[in-house]
Amino acid sequence: MPPRISFRVALPRLSARPSLRPLALPPTPITTRAVHNGWSTAPPRSKHRRFNQPNSGLPALTTGPAAALKRRDNTTPLRSGVLAVKKGMTSMFVGKKRVPCTVLQFDQVQVVANKTREKNGYWAVQVGMGSKDGRNVTQPQLGYYEAKGIAPKQELAEFKVRDESGLLPVGVQLQPDWFQLGQYVDVRGRSRGMGFAGGMKRHGFAGQEASHGNSKNHRTIGTTGPSQGSGSRVFPGKKMPGRMGNEYRTVQNLKIMKVDNELGIVLVSGPVAGPKGRVVQLQDSKKRKPPALPYREKALDQLKERFPDAEERLEKAREKHLEMKTERRAHLALD
């Protein structure tokens, strides 16, 4: 603490000359709010996660990656899905019943990468489809594909799996027989874009009266912000005119009607969102039973038989990628 100043001590008189100034008082030290200064006596809680642990007799936490994976355990498929192109619709007869079907075609569907629980927080398989000219791919993406020994893909998508057993070797190609005839799948794709649409077309409004005083308001939606109860404002989410379509839509529980490896097609019952040529995601159904364990093991064994050297090719591609990366850096250093 600074020394106290007694009022009995006479301060020096100010001189009449402007060059003389009064003596300055010593500065008051500024204290900081810290434990050693007496502001807080609570210990630092550096181990705040030591509370609410299951080994203390308390229930497990409901937040975090592990809890999130546990909640989705029953709705996460066991196997990876694929990417396919919607070619159009047809029909086939099952006995005397005519069933409309959608034709989905495979195009160089390969496993590009795996996402693990330790590194990414969840289990997933990254799948690519089609091919893309290397001149239209950025350099980071070219290095990404180069390290895996795979040509650049036109589309990429992730398919979450339940655990580590659902991961696949990098570089293998998935055929239509990955799916079992008669099983149920979920198909996800973007719907057909219709541009800016009014309330009647977009939301199915009935419109207003055609007569009785209505003047040029036959297809309008009417009032959007009534005063009573809402405070003379428009609630968020109000159905109004706007862009219609071009949104992701999932059609669940479609049955596999036909599988053809030679043509590379899969026929599913019912319609699928999107126009012809749209890329869709195809995966085992979440609400139905997956293919039986013998068929899943058989499909995985066939995949490994078709590509027995997948691990070796991946390792060689990584080594070659590191060599080329070193050469490129040396070449840039010389320039």
Side-chain angles (χ1 to χ4, degrees), residues 46 49 64-66 68-69 76-85 105-176 178 188-190 248 261 264 277-283 299-335:
S46 58
R49 295 185 179 274
L69 292 178
T76 304
L78 295 172
R79 306 189 305 164
S80 170
V82 300
L83 290 173
V85 180
Q105 188 175 27
F106 287 36
D107 182 14
Q108 304 178 26
V109 181
Q110 286 183 276
V111 177
V112 178
N114 290 318
K115 300 299 180 68
T116 60
R117 170 70 173 81
E118 292 77 10
K119 186 176 181 180
N120 306 101
Y122 60 96
W123 306 98
V125 179
Q126 189 181 57
V127 177
M129 188 209 71
S131 60
K132 197 173 184 179
D133 192 352
R135 294 174 295 181
N136 298 330
V137 183
T138 60
Q139 290 188 357
Q141 281 293 102
L142 285 177
Y144 180 76
Y145 289 111
E146 182 183 85
K148 297 170 174 55
I150 301 175
K153 292 295 181 180
Q154 180 183 2
E155 297 286 342
L156 283 177
E158 281 188 7
F159 295 93
K160 290 187 177 181
V161 294
R162 189 171 302 179
D163 50 23
E164 188 177 3
S165 61
L167 302 182
L168 298 176
V170 175
V172 299
Q173 185 173 352
L174 299 176
Q175 301 287 344
W178 178 252
R188 183 172 184 259
R190 286 202 326 273
Y248 277 100
N261 279 0
R278 182 61 55 87
V279 177
V280 299
Q281 301 178 12
L282 185 66
Q283 196 173 15
L300 189 59
D301 293 340
Q302 288 180 354
L303 198 63
K304 293 181 179 179
E305 289 177 2
R306 293 170 184 170
F307 302 92
D309 57 344
E311 297 293 341
E312 298 177 2
R313 294 178 59 182
L314 177 62
E315 191 63 29
K316 291 181 180 179
R318 288 175 176 173
E319 295 176 358
K320 185 66 175 179
H321 169 66
L322 293 177
E323 295 177 4
M324 297 179 66
K325 188 175 181 180
T326 306
E327 294 178 0
R328 287 193 293 264
R329 288 184 175 179
H331 182 69
L332 291 175
L334 292 177
D335 293 343

message = Just so I know, are the side chains of Q281 and L83 near enough to count as touching, which here means a heavy-atom distance under 4.5 Å?
response = yes

request  = Would you confirm whether R79, through its side chain, and W178, through its main-chain N or O, come within 3.5 Å as a donor-acceptor pair?
outcome  = yes

Rounded distance (nearest 0.5 Å) linking atom CG of N136 with atom CD of Q141 = 13.0 Å

request  = Give a yes or no answer on whether the side chain of N114 reaches the backbone of P169 with a donor-acceptor pair at less than 3.5 Å.
outcome  = no

query = Going by heavy atoms in the side chains, are R162 and L69 under 4.5 Å from each other?
reply = no

message = Tell me whether Q110 contacts the main-chain N or O of G171 through its side chain, where contact means a donor paired with an acceptor under 3.5 Å.
response = yes

message = Is the terminal nitrogen or CZ of R188 (NZ for Lys, CZ for Arg) located under 6.0 angstrom from the six-membered ring centre of Y248 and within 45° of that ring's axis?
response = yes

request  = Would you check if S131 and Q108 make a side-chain contact, meaning some heavy-atom pair closer than 4.5 Å?
outcome  = yes

request  = Quick one: pull up CD in Q302 and CG in N261 and give me the separation to the nearest 0.5 Å.
outcome  = 8.5 Å

query = Is the CD atom of E164 crowded by more than 12 outside heavy atoms at less than 6.0 Å?
reply = no

request  = Can you establish whether the number of heavy atoms outside R313 located under 6.0 Å from its atom CZ is more than 12?
outcome  = no

key: Y144 six-ring face occupied by K148 cation (under 6.0 Å, within 45°)   = yes

message = Any non-hydrogen side-chain atom of W123 less than 4.5 Å from a side-chain atom of K115?
response = no

ask   = Would a 4.5 Å heavy-atom cut-off, applied to side chains only, mark P152 and L142 as touching?
value = yes

ask   = Within 45° of the ring axis of Y122 and under 6.0 Å from its six-membered ring centre, is that where the NZ or CZ of K160 lies?
value = yes

ask   = What closest approach, in Å, do G143 and H321 show between heavy atoms, and which atom pair accounts for it?
value = O-CE1, 3.6 Å

ask   = So, do V125 and V111 sit near enough that their side-chain heavy atoms are less than 4.5 Å apart?
value = yes

message = To check you understand the geometry: which heavy-atom pair defines the closest contact between V161 and S80, and what is its length?
response = CG1-N, 3.7 Å

ask   = Given L303 and L168, is the side chain to side chain contact (heavy atoms under 4.5 Å, CB included) satisfied, shown in steps?
value = CA-CA 9 Å; L303 198 63; L168 298 176; 4.1 Å; yes

Exercise: identify the closest heavy-atom pair between V137 and D133 = CG2-O, 3.4 Å

inquiry  = Whether E146 and R328 form a salt bridge (side-chain N of Lys/Arg under 4.0 Å from carboxylate O of Asp/Glu) is what I want to check.
reply    = yes

ask   = When rounded to the nearest 0.5 angstrom, what distance separates NZ in K132 from CG in L156?
value = 9.0 Å

query = Quick one: NZ on K153 to CD on Q126, what's the gap to the nearest 0.5 Å?
reply = 11.5 Å

request  = Compare every heavy atom of F159 with every heavy atom of V82, then report the nearest pair and how far apart it is.
outcome  = O-CZ, 3.3 Å

key: Heavy-atom check, side chain of Q175 versus side chain of R306, under 4.5 Å   = yes

query = Which heavy atom in V112 sits nearest to a heavy atom in V170, and how many Å separate them?
reply = O-CG1, 3.2 Å

